[in-house]
Amino acid sequence: MDVTELRARARRHLGPHFTRKDTWESDFPVFVRGEGSYLIDTEGDRFLDGLAGLFCVNIGHGRDDIAKAASEQIGTLAYASNWGSAHIPAIEASALIADLAPGDLGTTFFVNSGSEAVETAVKFARQYHRSQGNPQRTKIISREMAYHGTTLGALSVTQLPKIKDPFGPLLPGVRSVPNTLGYLGDCGPANELDCIAAIEAVIEEEGAETIAAVFAEPVQNGRGALVPPDGYWAALRALCDKHGILLVSDEVICSFGRLGHWFGHGLTGVVPDMITFAKGSTSGYAPLGGLIVREQLVRELYDSPKGGVFTHGATWGGHPVSTAVAVANITAMRDENVLGNVTARGPKLKTALDSLMRSHRCVKDVRGTGFFYAIELMADSNSGREFTEQESLTVLRKVLPEAFARTKVILRGDDRGATMLMISPPLVADDEVLSELLHGIDSMLTDIEKAIQP
């Protein structure tokens, strides 16, 4: 079947995710194979996967060892649940994750995606407080422009109006607070920062006794790879401890090496009460997400008169094949020092991206760390002219898609609060791959400048 027929079948039968109609009607690539940091389409063209799938293919494409782990598990035990029983892959995966997680974050509830992981965190927070005699603690605080998922509970915690509005009304009692945009490095005492003071103000306004949890990413994806200032997470931790609020670190993107650490604790130095994860746990080789919870909280819920069970579960949660893949993936990342590659090459990547900012008038800012970056774009940095609305649409819907196709470098245009280019290569990318990535980005920025006048 040729690619024209494949595209026609896709348009008729396959429902695309977050895809505009005009994109679905274009000559989109149909991929058939992956190798390392590359995807190969039906025409044999190689594309550098500069987004690691969707921030998830951390160990790279085409790993025979991970495929073998999945195959052997399917042939041994294709399915068993974790409802009143257990199976070896889920036990091994949860123990391995507990060894890598900070503090006493030692219990993992497996689900199937990042959205489900956030949903699980919302439910655990509510049931935990109820079990401790505080049923009024149901409200959630999350940060402006933050993306926390698409299921209705997770979407309620998300703070992106464009993707929330079609589905309202959503879960009540979710408050938005400022993110850390504009705060860098040492900004002085963190507890005196406006973005921390705003959280405390919301807590006082709502009543601390009604707040269940605060959700935040170690590096926020929405609004473009926002790295927190020094002391910010310590101030969050202190604020939550002061008011008896659970601190949830949403690490669906950030965990399993994206920042050069297994978990956000390596960047923030703070042990949260819960960690959500998904993408990098299997490097995209199988669907898996999870919620890691402090063991003390789990014991307190189970041992309480109103507890005894976490009233939550899913048929595929902790699926044998997915958890076997997670064990193979995490073990290989550990044994091959994949995180060391990120810590060694991440700063060089950031330096190179900063150099592009100085050489292109369309670059307003470069943010990020590890192998996770955002380039914020504008019409002319010399004069300070931002894009008009139409210019932004031109860049996102025409210039960048055409540049991705021409350069064979896959990245992501982003319109969440600004016009941005998101960069997230596989964690195994070497100097040659990163050089190709940077040349592609350089060319894309040149295309923008040709299309948009100063």
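In this chain, numbering begins with 1 at the start of the sequence shown.
- Residues Ser281 and Ser255 have side chains not in contact (no heavy-atom distance under 4.5 Å, counting atoms from C-beta outward).
- Side-chain atoms of Ser392 do not come within 3.5 Å of backbone N or O of Glu389 as any donor-acceptor pair.
- A salt bridge links Arg46 and Glu35; the closest N-O separation between the charged side-chain nitrogens and carboxylate oxygens is under 4.0 Å.
- Counting only distance, with no hydrogens or angles, the side chain of Ser249 and the backbone of Glu251 share no donor-acceptor pair below 3.5 Å.
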Go through Phe47 and Val409 one step at a time and tell me if the side-chain contact (heavy atoms from CB on, under 4.5 Å) criterion holds. CA-CA 5 Å; Phe47 291 75; Val409 174; over 6 Å; no

side-chain hydrogen bond (donor to acceptor under 3.5 Å, both in side chains) between Gln159 and Arg143, intermediate numbers included: CA-CA 7 Å; Gln159 297 293 353; Arg143 301 184 297 182; over 6 Å; no

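- The minimum heavy-atom distance between Trp262 and Leu339, with the atom names listed, is N-CD2, 3.4 Å.
- Across all their heavy atoms, Asp447 and Ala403 have their closest contact at OD2-CB, 3.6 Å.
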Given Phe31 and Ile410, is the side-chain contact (heavy atoms from CB on, under 4.5 Å) satisfied, shown in steps? CA-CA 12 Å; Phe31 294 116; Ile410 301 172; 3.6 Å; yes

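- Salt bridge present: Glu336 and Arg63 bring a charged side-chain N and a carboxylate O closer than 4.0 Å.
- Atom CD1 of Ile88 is surrounded by 12 or fewer heavy atoms from other residues, nucleotides or ligands within 6.0 Å.
- Taken from CG in Leu353 to CG in Leu438, the straight-line distance is 5.5 Å, to the nearest 0.5 Å.
- A distance-only check finds no donor-acceptor pair linking the side chain of Asn329 to the backbone of Tyr285 [under 3.5 Å].
- For Arg258 and Asn58, the side-chain atoms include at least one donor-acceptor pair closer than 3.5 Å.
- What you find for Val252 and Gly114 is that their closest heavy atoms are CG2-CA, 3.6 Å.
- Checked for salt-bridge contact, Lys408 and Asp49 miss the test: no charged N lies under 4.0 Å from a carboxylate O.
- Here the closest heavy-atom approach between residue Ala70 and residue Val321 is recorded as CB-CG1, 4.1 Å.
- Note that CG of Leu437 is 6.0 Å distant from CG of Leu411, once rounded to the nearest 0.5 Å.
- The only member of Phe371, Phe372, Phe277 that meets ring-ring contact (aromatic ring centres under 6.0 Å, His included) when paired with Phe55 is Phe372.
- With respect to Lys350 and Asp354, a salt bridge is recorded, a charged nitrogen being found less than 4.0 Å from a carboxylate O.
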Do Asp64 and Lys68 pass the salt bridge (charged side-chain N to carboxylate O under 4.0 Å, His left out) test, and can you show the C-alpha distance, the side-chain angles, and the key distance before you say yes or no? CA-CA 6 Å; Asp64 291 340; Lys68 181 180 178 183; over 6 Å; no

CA sep, side-chain torsions, deciding dist, call: Asp41, Arg33, salt bridge (charged side-chain N to carboxylate O under 4.0 Å, His left out): CA-CA 7 Å; Asp41 71 3; Arg33 193 169 75 257; over 6 Å; no

Between Asp273 and Leu297, is the side-chain contact (heavy atoms from CB on, under 4.5 Å) condition met? List the steps. CA-CA 8 Å; Asp273 296 303; Leu297 300 179; 3.8 Å; yes

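- Applying the ring-ring contact (aromatic ring centres under 6.0 Å, His included) rule to pairs touching residues 329-351 yields nothing, sequence neighbours excluded.
- Between Arg223 and Glu376, some side-chain heavy-atom pair lies under the 4.5 Å cut-off.
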Would His319 and Asn112 count as a side-chain hydrogen bond (donor to acceptor under 3.5 Å, both in side chains) if you check the C-alpha gap in whole Å, the side-chain angles of each, and the deciding distance to 0.1 Å? CA-CA 9 Å; His319 190 282; Asn112 308 290; over 6 Å; no

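- A side-chain donor-acceptor contact under 3.5 Å links Ser381 to the backbone of Arg361.
- Side-chain atoms of Ser156 come within 3.5 Å of backbone N or O of Leu171 as a donor-acceptor pair.
- For the pair Leu105 and Pro272, the minimum side-chain heavy-atom distance is below 4.5 Å.
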Applying side-chain contact (heavy atoms from CB on, under 4.5 Å) to Leu393 and Lys398, what does each step give before you reach the verdict? CA-CA 8 Å; Leu393 291 175; Lys398 184 176 188 299; over 6 Å; no

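- Residues Glu386 and Leu377 share a closest heavy-atom pair of OE1-O, 4.3 Å.
- Arg406 approaches Ser443 most closely through the heavy-atom pair NH2-OG, 2.6 Å.
- Listed for the His148 side chain is no donor-acceptor partner under 3.5 Å among the backbone atoms of Val157.
- Side-chain contact between Ile448 and Leu400: present, with at least one pair of heavy atoms (C-beta onward) separated by less than 4.5 Å.
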Test log, rule side-chain hydrogen bond (donor to acceptor under 3.5 Å, both in side chains), inputs Thr107 and Glu295: CA-CA 6 Å; Thr107 299; Glu295 293 177 66; 5.0 Å; no

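- For the pairing with Asp335, the side chain to side chain contact (heavy atoms under 4.5 Å, CB included) check across Asn337, Val338, Thr331 returns one residue only, Thr331.
- Under the 4.0 Å criterion applied to side-chain N and carboxylate O atoms, Asp430 and Arg345 are not assigned as salt-bridge partners.
- Between Phe404 and Met444 there is a side-chain heavy-atom pair separated by less than 4.5 Å.
- Remark: side-chain polar atoms of Asn341 are paired, donor with acceptor, to backbone N or O of Ala429 under 3.5 angstrom.
- Side-chain contact between Val248 and Val214 is absent, with no heavy atoms from C-beta onward closer than 4.5 Å.
- The aromatic rings of Tyr128 and Phe124 lie parallel to each other, their planes meeting at an angle below 30°, with 60° marking the opposite boundary.
- The structure places CD1 of Ile141 at 10.0 Å from OG of Ser176, a figure rounded to the nearest 0.5 Å.
- Between Glu205 and Arg175, at least one side-chain N (NZ, or NE/NH1/NH2) sits under 4.0 Å from a carboxylate O, which counts as a salt bridge.
- Contact annotation: the side chain of His243 never approaches that of Ile211 to less than 4.5 Å [non-hydrogen atoms, C-beta and beyond].
- Here the two rings, on Phe263 and His265, have centers that are 6.0 Å apart or farther.
- Residues His87 and Thr323 have side chains in contact (heavy-atom distance under 4.5 Å, counting atoms from C-beta outward).
- With salt bridges taken as basic N to acidic carboxylate O contacts below 4.0 Å, one links Arg385 and Glu391.
- Distance check: Tyr183 OH to Cys195 SG gives 4.5 Å after rounding to the nearest 0.5 Å.
- Checking side-chain atoms of Thr268 against main-chain N and O of Val270 turns up a donor-acceptor pair under 3.5 Å.
- Checking side-chain atoms of His360 against main-chain N and O of Leu356 turns up no donor-acceptor pair under 3.5 Å.
- Counting only residues at least two apart or on different chains, the salt bridge (Lys or Arg N to Asp or Glu O under 4.0 Å) pairs with a member in residues 178-203 are Glu200-Lys242.
- Checking side-chain atoms of Thr282 against main-chain N and O of Leu288 turns up no donor-acceptor pair under 3.5 Å.
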